[in-house]
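We count ligands from 1, going down the list as the structure has it; atoms in each ligand are counted the same way.
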Amino acid sequence: MEQTPYYKYDLSLLDRTLQAVKEAVADSSNFHVHYAVKANSNPVILDRICKAGLGVDCVSGAEVEASLQAGFKADSIAFAGVGKTDREINLALDADIFCFNVESVEELQVIQSLAAKKNKTARIAFRVNPNVDAHTNAKITTGLAENKFGINMELLDGAIDMALGMSNIELLGIHFHIGSQITQMEPFSQLCAKASAINAKYLECGIRFSILDMGGGLGIDYTDPTGNPIPDFKAYFDVFRRELKTVPGQQVHFELGRSIVAQCGSLITQVTYVKKGTVKEFAIVDAGFNDLIRPAFYGAHHAIRNISNTDGAKRKYDVVGPICESSDVFDKDILLTETHRGDYLEILSAGAYGEVMASQYNMRSLPKSYFEE
Ligand SMILES: *Cc1c(COP(=O)(O)O)cnc(C)c1O
């Protein structure tokens, strides 16, 4: 075993997942999938995704640079985010990226002026706040009315007028992203209804968007990752095929992050102590929330198994990290095969928002990553 804690990625599962995505959109030539880099920007992962032919969705200048370095073509890069700095906008203009997903008129004005200075045209889409409840964690819902993201419906007419009048802006379309870890299809249905209505309204005024970007958010099975390792991409894209009303020539974009990479990654950690309390037993492991923050931050659940003892009797444990915060708990009262000091535990479904969110809190080292074919 390598020095724990570390991330282990199953590249063959990643490849099979990418294949499933491609098969699910194969019949819709106007569907284009961009990978949301923020879910996992490990260069080995980016390389696989680039080779599969997806585009990317970036939320920082550094992600734009990492994507270019990984081989993604500039014309497959979208750049979202409420707080793009001048430096980041200039970098994206210099690279000639495909599209800025613009989140306010204030940002639009800055992009116009920076593009004018470079004598360039910035292609943009407006991120619209469709007021759809994604029924997910409050920390990862983004589509509701009072939210820092996107432009509210009442302000959209004015924003579009402004963009159409700008010399260095080309308006491509509209963009949505309603939240993350969405496991029911119903919020996506609602999104289709809203997007179709907006599209129809502007078509009537003679404005034909070339791009309708539906964002990401498709969830994965954290409860049974081994039984259900690949999300139902077909069911997801079918919703849009059925319910999103487009006219010929309109391209539909998707920005999937978690659903592509979550299941191919695990965090491997070693048990330092099994501590007997008065009622509980604690498996104290050498990974902490600095390595994987989702349980502490979102109350997220990750399946955990003891990979050193795979078929003994089961006992109840709290699996906790070494960090000096009471939130440093991976899970409580879970059943593991009998666990001893030195055993290795696998924390599953950690490929998305895992390694990318790691920190050095408590002066801990950043986790390393290893890959299996
Ligand atoms: C985070 C994000 C995504 C990806 O979300 P997932 O839930 O990981 O699919 C897509 N688009 C935008 C704008 C985002 O911020």
S.K.: Does at least one non-hydrogen atom of G217 fall below 4.0 angstrom from an atom of ligand 1?
M.R.: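 G217 counts as a contact of ligand 1 under the 4.0 Å cut-off.
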S.K.: Looking at atom 4 (C) of ligand 1, what's its closest protein heavy atom, distance included?
M.R.: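 It is A36 CB, 3.4 Å.
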S.K.: Which residue and atom name correspond to the protein heavy atom nearest atom 10 (C) of ligand 1, and how close is it?
M.R.: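 In this structure, atom 10 (C) of ligand 1 has E255 O, 3.3 Å as its nearest protein heavy atom.
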S.K.: Looking at ligand 1, would Y353 count as a contact under a 4.0 Å heavy-atom criterion?
M.R.: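 So Y353 counts as touching ligand 1.
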S.K.: Determine whether the aromatic ring centres of F254 and F237 lie less than 6.0 Å apart.
M.R.: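 Close enough - the centres of the two rings lie under 6.0 Å apart.
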S.K.: Taking the six-membered ring where the residue is Trp, are the ring centres of F209 and Y202 under 6.0 Å apart?
M.R.: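 Here the rings of Y202 and F209 have centres that are less than 6.0 Å from each other.
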S.K.: Under 4.0 Å from a heavy atom of R127: which atoms of ligand 1 are those, numbered in the order shown and with their elements?
M.R.: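 Reading through ligand 1 atom by atom, the close ones are 13 (C).
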S.K.: Under 4.0 Å from any heavy atom of R258, which atoms of ligand 1 are there?
M.R.: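 Checking each atom against R258, I get 6 (P), 8 (O), 9 (O).
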S.K.: Is the Y236 to F188 ring centre distance short of 6.0 Å?
M.R.: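 Ring centres of F188 and Y236 closer than 6.0 Å.
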S.K.: Please could you name the atoms of ligand 1 that D57 approaches to less than 4.0 Å, counting only its heavy atoms?
M.R.: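 Counting from 1, the qualifying ligand atoms are 10 (C), 11 (N), 12 (C), 13 (C).
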S.K.: Using the six-membered ring of Y353, assess whether NZ or CZ of R294 lies under 6.0 Å from its centre and within 45 degrees of the ring axis.
M.R.: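 No, R294 does not lie over the aromatic ring of Y353.
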S.K.: Does any N/O atom on V59 come nearer than 3.5 Å to any N/O atom on ligand 1?
M.R.: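 There is no such contact.
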S.K.: Ignoring hydrogens and angles, tell me if any N or O in the side chain of N290 forms a donor-acceptor pair with the backbone of S359 under 3.5 Å.
M.R.: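 Side chain of N290 to backbone of S359, a donor-acceptor pair under 3.5 Å: yes, one is there.
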S.K.: Can you name the atoms of ligand 1, numbered from 1 with element, that are less than 4.0 Å from a heavy atom of S180?
M.R.: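 Numbered from 1, ligand 1 contributes 6 (P), 7 (O), 8 (O).
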S.K.: Taking the six-membered ring for Trp, are F297 and F289 ring centroids under 6.0 Å apart?
M.R.: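 Centroid separation for F297 and F289: 6.0 Å or greater.
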S.K.: Indicate whether any N or O donor in one side chain lies under 3.5 Å from an N or O acceptor in the other, for E186 and Q190.
M.R.: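 Q190 and E186 do have a side-chain donor-acceptor pair below 3.5 Å.
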S.K.: Under 3.5 Å between any N/O of G257 and any N/O of ligand 1: does that happen in this structure?
M.R.: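 Yes, there is a polar N/O contact under 3.5 Å.
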S.K.: Could you check F100 against K84 for side-chain contact (heavy atoms from CB on, under 4.5 Å), going step by step and ending with a plain yes or no?
M.R.: CA-CA 10 Å; F100 291 87; K84 301 178 194 77; 4.2 Å; yes
S.K.: Starting from atom 2 (C) of ligand 1, which protein heavy atom do you reach first, and at what distance in Å?
M.R.: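 For atom 2 (C) of ligand 1, the nearest protein heavy atom comes out as K38 NZ, 2.2 Å.
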S.K.: Considering only the protein, which heavy-atom contact is closest to atom 5 (O) of ligand 1, and what is its distance?
M.R.: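 Result: H177 CE1, 3.4 Å.
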